[in-house]
Amino acid sequence: MTGREVKRVIVAVTGASGAPLALRLLQALRKEANMEIHLVLSRGAERTLEYELPAQKKTLLSLADVLYHNSDIGAAIASGSFRTAGMVIIPCSMKTVAGIHSGYSDNLILRAADVCLKEGRPLTLVPREMPLSAIHLRNLYDLSMMGAAIIPPMMTFYDHPESIDDMVTHLIGKILDRLNVPAVYKRWGE
Ligand SMILES: Cc1cc2nc3c(=O)[nH]c(=O)nc-3n(C[C@H](O)[C@H](O)[C@H](O)COP(=O)(O)O)c2cc1C
C-alpha cells in the first residue's frame with residue numbers, strides 16, 4: 001500500500017495487563033488520515049478492560065472502523081487475500097503468544113497474526129508478563145526469529161520522563177515507527 005491509499009491496520013487487545021496502552025495506540029492511529037482500524041478484543045481483554053479502563057470501554061471501541069468478534073473466524077482479516085499494513089497485539093498475553101507460536105489459530109486474533117506471518121506482513125507484539133518464564137522467553141525469541149517485532153512495555157528513563165504518560169508516549173512511538181506512522185516522541189540525538 002502506498003501514497004494516499006487507505007492504510008488498514010489490525011489492532012488486537014488480549015487479556016494481559018495494559019488496556020490503557022491499547023487505548024493510547026488506537027487514539028494515535030485514529031489521528032491519522034486514511035487510516036482504517038480493524039479491532040478485535042479477546043475474552044480476556046474484556047475482563048482486563050473492566051479492571052483497568054472501566055469507564056472507557058465505549059471510547060476504546062468507538063475508535064475502530066471495523067470491530068470483530070474474536071470467534072468470527074470467517075472475518076475479512078482471517079484471510080491473506082484481505083490486504084493489510086500489519087497487526088499490533090497490545091497488550092499481548094502469554095497465552096496468545098503461545099497460540100501464535102504454535103500456529104494454533106482457534107480464534108480470530110490468532111488467525112490474523114498467523115496470516116501476517118505467512119504473508120510476510122508486519123506483526124508487532126506488545127507482550128506483558130512479569131517475571132517471564134523460560135517458556136515465554138522461548139516463544140518470544142522464536143517469534144522474533146520468525147519476523148515478529150517484540151516491543152514489551154518497558155520503562156525508559158534516558159528521555160527523562162515526568163510521568164507514566166510520558167513513558168507510554170515513548171512506547172506508542174516505538175510501535176508507530178514499526179507501522180511507518182509518524183510519531184512524536186523524544187528520540188535520542190534529536
Ligand atoms: C486482571 C488480569 C490481569 C492479567 N494480566 C496478565 C498479564 O499481564 N500477562 C498475561 O500473560 N496474562 C495475564 N492475565 C491472564 C490472561 O488474561 C489469561 O491467560 C487469558 O486466558 C488470556 O487469554 P487471551 O490471550 O485470549 O486474552 C491476566 C488476567 C487478569 C484477570
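All ligand and atom numbering here is 1-based and tracks the order in the structure.
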Open item on the list: Can you tell me if R178 has over 12 outside heavy atoms packed within less than 6.0 Å of its CZ?
Closed with: no
- [ ] Mind jotting down which residue pairs meet the ring-ring contact (aromatic ring centres under 6.0 Å, His included) criterion with at least one end in residues 113-164? Sequence neighbours excluded, please.
- [x] Y158-H170, Y158-W188
Name each N or O atom in ligand 1 that is under 3.5 Å from a protein N or O, and give the partner atom and the distance.
| unit_1 | atom_1 | unit_2 | atom_2 | d |
| --- | --- | --- | --- | --- |
| ligand 1 | 5 (N) | S17 | N | 3.3 |
| ligand 1 | 8 (O) | S17 | N | 3.1 |
| ligand 1 | 8 (O) | R128 | O | 3.2 |
| ligand 1 | 8 (O) | R128 | NH1 | 2.8 |
| ligand 1 | 9 (N) | R128 | O | 2.6 |
| ligand 1 | 9 (N) | E129 | OE2 | 3.4 |
| ligand 1 | 11 (O) | M94 | N | 2.8 |
| ligand 1 | 14 (N) | G15 | O | 3.1 |
| ligand 1 | 17 (O) | G15 | O | 2.6 |
| ligand 1 | 25 (O) | S93 | OG | 2.5 |
| ligand 1 | 25 (O) | T96 | OG1 | 2.5 |
| ligand 1 | 26 (O) | K95 | NZ | 3.0 |
| ligand 1 | 27 (O) | G15 | N | 2.7 |
| ligand 1 | 27 (O) | S42 | OG | 2.5 |

- [ ] Could you tell me whether the side chain of K7 and the main chain of E32 form a donor-acceptor pair under 3.5 Å?
- [x] no
Task: Flag, side chain of N139 to backbone of H101, donor-acceptor distance under 3.5 Å - done: no
- [ ] Supply the members, apart from I109, of the Ile/Leu/Val/Met/Phe/Trp/Tyr cluster built from side-chain contacts under 4.5 Å; use none for a lone residue.
- [x] I10, V40, V66, Y68, I77, F82, M87, I89, M94, V97, I100, L108, L110, L117, L123, L125, L132, L137, L140, L143, M146, I150
- [ ] Not counting sequence neighbours, list each pair that qualifies as a side-chain hydrogen bond (donor to acceptor under 3.5 Å, both in side chains) and has a residue in residues 111-129.
- [x] S105-D114
